[in-house]
Amino acid sequence: MSAQLTVTRSGASAPATTVQVEAGATAGELFTDERDVVVARVNGELRDLTHPLADGDEVEGVLISSEDGLAVLRHSAAHVVAQAVQQHFPEAKLGIGPPIRDGFYYDFDVERPFTPEDLKTLEKTAQRIVKEGQRFVRRAVTDDEARAELAGEPYKLELIGLKSTAGEAAEGAGVEVGAGELTIYDNVRRDGTVAWKDLCRGPHLPSTRLVGNGFSLLRSAAAYWRGSEKNPQLQRVYGTAWPTKDDLKAYQERVAEAERRDHRRLGVELDLFSFPDEIGSGLAVFHPRGGVVRRAMEDYSRQAHERAGYEFVYSPHITKQNLFEVSGHLDWYAEGMFPAMQLDAEVDADGTVRKAGQNYYLKPMNCPFHNLIFDSRGRSYRELPLRLFEFGTVYRYEKSGVVHGLTRVRGMTQDDAHIYCTREQMKDELTRTLGFVLGLLSDYGLDDYYLELSTKDPEKYVGSDDAWEEATATLAEVAQASGLELVPDPGGAAFYGPKISVQARDAIGRTWQMSTIQLDFNLPERFGLEYTAADGSKQRPVMIHRALFGSIERFFAVLTEHYAGAFPPWLAPVQVVGVPVADAHVPHLQEVAAKLRERGIRVEVDASDDRMPKKIRTWTKQKVPFLLIAGAEDVEAGAVSFRYRDGSQENGVPVDDAVAKVVDAVQRRVQV
RNA sequence: GCCGGCAUGGCGCAACUGGUAGCGCACCCGACUUGUAAUCGGGCGGUUAGGGGUUCAAGUCCCCUUGCCGGCUCCA
């Protein structure tokens with residue numbers, strides 16, 4: 001055995017080089033000159049810097065700021081927090097503590113939930129642990145040893161029992177126990193004593209000190225053990241951790257920006273919509289300003305659908321029970337539906353039922369109604385594809401804890417269409433539909449997206465496996481042909497068929513599920529839908545369900561947040577406000593306003609008693625795209641002065657030019 | 001549905017360990033007539049989400065209901 005090992009070293013920035021090291025050297029020794037290297041990738045596997053090297057190893061330094069490095073940092077931060085928790089609450093049992101986007105969490109079984117004061121105390125203690133500079137020391141153990149050491153940690157014991165399938169046991173459980181040998185990480189103080197230990201796959205930072213630059217506890221909340229509501233609830237502590245204080249600040253600023261954009265907040269500030277308690281949870285009313293935005297969205301959508309060959313239909317909000325028995329909704333979707341109202345029952349004075357009542361349900365989906373329209377007369381192959389479109393309002397009984405602003409409501413309007421076509425037409429029609437959907441989303445200003453393919457939930461589906469396979473394969477083919485990024489979503493399909501969904505990224509990088517396109521062989525079957533083919537035979541059509549906005553309410557929320565309330569002129573509730581320098585200039589602005597109004601522009605003139613700067617402030621805060629200011633100079637020149645939302649100006653624009661400019665921006669649907 | 005927190009005029013907030021509600025903005029009235037983010041003065045407005053209880057006394061403490069917020073589960 002040689003005293004020298006030959007390994008390949010690549011730094012975070014440096015190219016790969018071959019180096020000689022002493023036997024027994026560790027990965028960390030290769031990177032003593034790169035302080036931001038916190039773990040190493042050895043032959044493809046992430047390892048601690050204390051990992052001993054073997055001859056021929058390929059070792060790559062991993063920076064704390066890289067994706068892997070951040071995950072390690074956050075996971076180590078979770079350990080620090082868990083140590084702090086067990087210090088203050090010795091009876092706390094450990095759940096799991098994985099890194100997540102922007103941070104980490106750790107779950108604990110404790111006597112009572114954490115209070116905000118507890119979080120402050122825990123954060124202080126965590127800081128102290130960080131300052132102690134404890135090392136993370138890896139130690140391999142057998143299953144039996146682990147069981148003995150962790151006898152007091154029932155959840156860890158459960159994970160040990162599940163280790164071969166830990167990845168599926170619970171989201172995040174994979175960071176605790178890998179598929180191979182079990183390891184325990186000891187947190188060792190400078191004086192060599194062990195402060196704390198945890199069953200963990202690792203790897204970890206060399207020292208807790210590296211956690212201290214930018215970490216913070218955020219909140220606590222309950223979470224079900226292993227993600228199932230059948231299991232006990234643990235208390236989850238959320239935190240965030242970053243390599244530097246500046247990174248932490250930048251993160252906090254992003255959070256603050258998201259708060260400023262929150263559609264619930266903008267909905268109040270801009271007077272767009274509200275949720276009166278009197279109506280009930282998850283049921284919105286749109287105010288005039290919000291109504292304008294919504295109508296502009298809908299009108300444009302109508303025009304586009306008309307051009308694309310859709311026909312418009314209408315259907316009622318409630319229906320007798322039988323329709324949802326035929327569709328299968330009552331078998332598969334009853335939980336999501338409002339309870340039935342019973343009508344028309346006749347009962348004698350003595351309580352005996354003379355005539356049984358009828359159950360009526362609020363509709364959770366529009367498809368059964370469209371099927372009835374299809375089935376209202378004989379259909380020819382010449383009519384296909386038949387594209388039925390409706391702004392259909394549906395009601396879903398969402399659990400009380402999930403209702404959220406306009407994005408998760410109990411009453412919503414879908415821009416819903418059902419396309420009936422032949423099997424042969426199916427692929428072309430799907431391709432066409434996907435193209436239509438993406439084009440329209442871009443028109444609304446969302447042009448960064450990826451696709452998700454949701455496939456059969458083995459627990460919850462109707463129809464034959466063959467049909468599912470064919471439908472799934474077709475959708476996959478169409479999705480792939482689009483050239484967009486495609487992410488699988490196993491088990492995510494609705495009960496009647498697989499779907500492609502379009503996930504759009506907004507202005508600050510968040511993704512939202514927007515449009516869905518679902519292929520369905522089942523409902524046509526259940527409804528016995530048929531058309532007459534060219535050879536005179538009866539054939540079953542294929543059905544494509546698709547919604548573009550998802551729901552108008554949700555899309556409204558997404559657009560509001562995407563634009564931070566500063567809608568492009570074509571969507572803005574008020575497109576132009578005239579601001580006079582003094583009362584004398586009001587008539588001039590009113591003339592300009594009349595010309596704009598003639599061209600269909602939404603315009604107001606602010607003739608109030610406020611001073612001009614106050615008016616500018618008021619309407620800028622209302623995010624009106626064009627302020628037209630007029631004083632003596634403008635009146636004299638037959639002009640107006642533009643002021644935009646960012647404060648920039650364009651003075652002395654002749655009135656006709658100004659009108660044309662505004663009209664042009666609206667027609668071209670550009671942002672200003 | 002589950003866990004925790006919260007609920008004060010239209011909006012944003014204040015009121016010490018219980019001692020009978022204040023401020024800013026908005027709104028209304030008046031004065032001022034002004035060139036790019038808040039002119040000045042006056043006024044209206046709350047049985048402190050609703051209900052019950054403890055107490056000499058409840059916005060403050062307890063219980064129930066409703067709603068909201070943060071998560072979990074679920075989902076367009």
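Small disclaimer: the values here were computed from a predicted structure and weren't measured. Residue numbers begin at 1 in each chain, while the letters A, B, ... track the order of the sequences.
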Practice task
Kindly compute the distance separating NE2 (A:His585) from CE (A:Met612), expressed to the nearest 0.5 Å.
Solution key: 10.5 Å

Determine yes or no for a side-chain-to-main-chain donor-acceptor pair under 3.5 angstrom, with [X] supplying the side chain and [Y] the backbone.
X: A:Glu561; Y: A:His263; answer: yes
X: A:Trp512; Y: A:Thr407; answer: no
X: A:Arg505; Y: A:Arg510; answer: no

At less than 3.5 Å, do the side-chain atoms of [X] and the base atoms of [N] form a donor-acceptor pair?
X: A:Asp277; N: B:U66; value: no
X: A:Asp609; N: B:G30; value: no
X: A:Glu398; N: B:A76; value: yes
X: A:Tyr105; N: B:G71; value: no
X: A:Arg265; N: B:C11; value: no
X: A:Lys399; N: B:U73; value: yes

[N] OP1/OP2 closer than 4.0 Å to side-chain N/O of [X]:
X: A:Arg264; N: B:C69; answer: yes
X: A:Lys615; N: B:G35; answer: no
X: A:Ser400; N: B:G1; answer: yes

Touch check for [X], heavy atoms < 4.0 angstrom, all strands: base, sugar-phosphate only, or nothing?
X: A:Lys499; value: sugar-phosphate
X: A:Glu269; value: nothing
X: A:Ala630; value: nothing
X: A:Tyr644; value: nothing
X: A:Gln414; value: nothing
X: A:Ser281; value: sugar-phosphate
X: A:Arg643; value: base

Exercise for the section: Specify whether A:Tyr395 and A:His317 have parallel, tilted or perpendicular ring planes, treating 30° as the upper limit for parallel and 60° as the lower limit for perpendicular. Expected result: tilted

Practice task
Anything under 30° is parallel, anything over 60° is perpendicular, the rest tilted; go ahead and classify A:Phe275 against A:Phe273.
Solution key: perpendicular

Under 3.5 Å, which protein N or O atoms sit close to an N or O of nucleotides 4-9 of chain B? Give each pair with its distance.
none

Problem - Cationic tip of A:Lys93 above A:Tyr155 ring, under 6.0 Å, 45° of axis - result: no

Practice task
Report the stems of RNA chain B as range-with-range entries sorted by first number; a stem here is at least three consecutive pairs, Watson-Crick or G-U wobble, both distances under 3.5 Å, and write none if there are none.
Solution key: B:1-7 with B:66-72, B:10-13 with B:22-25, B:27-31 with B:39-43, B:49-53 with B:61-65

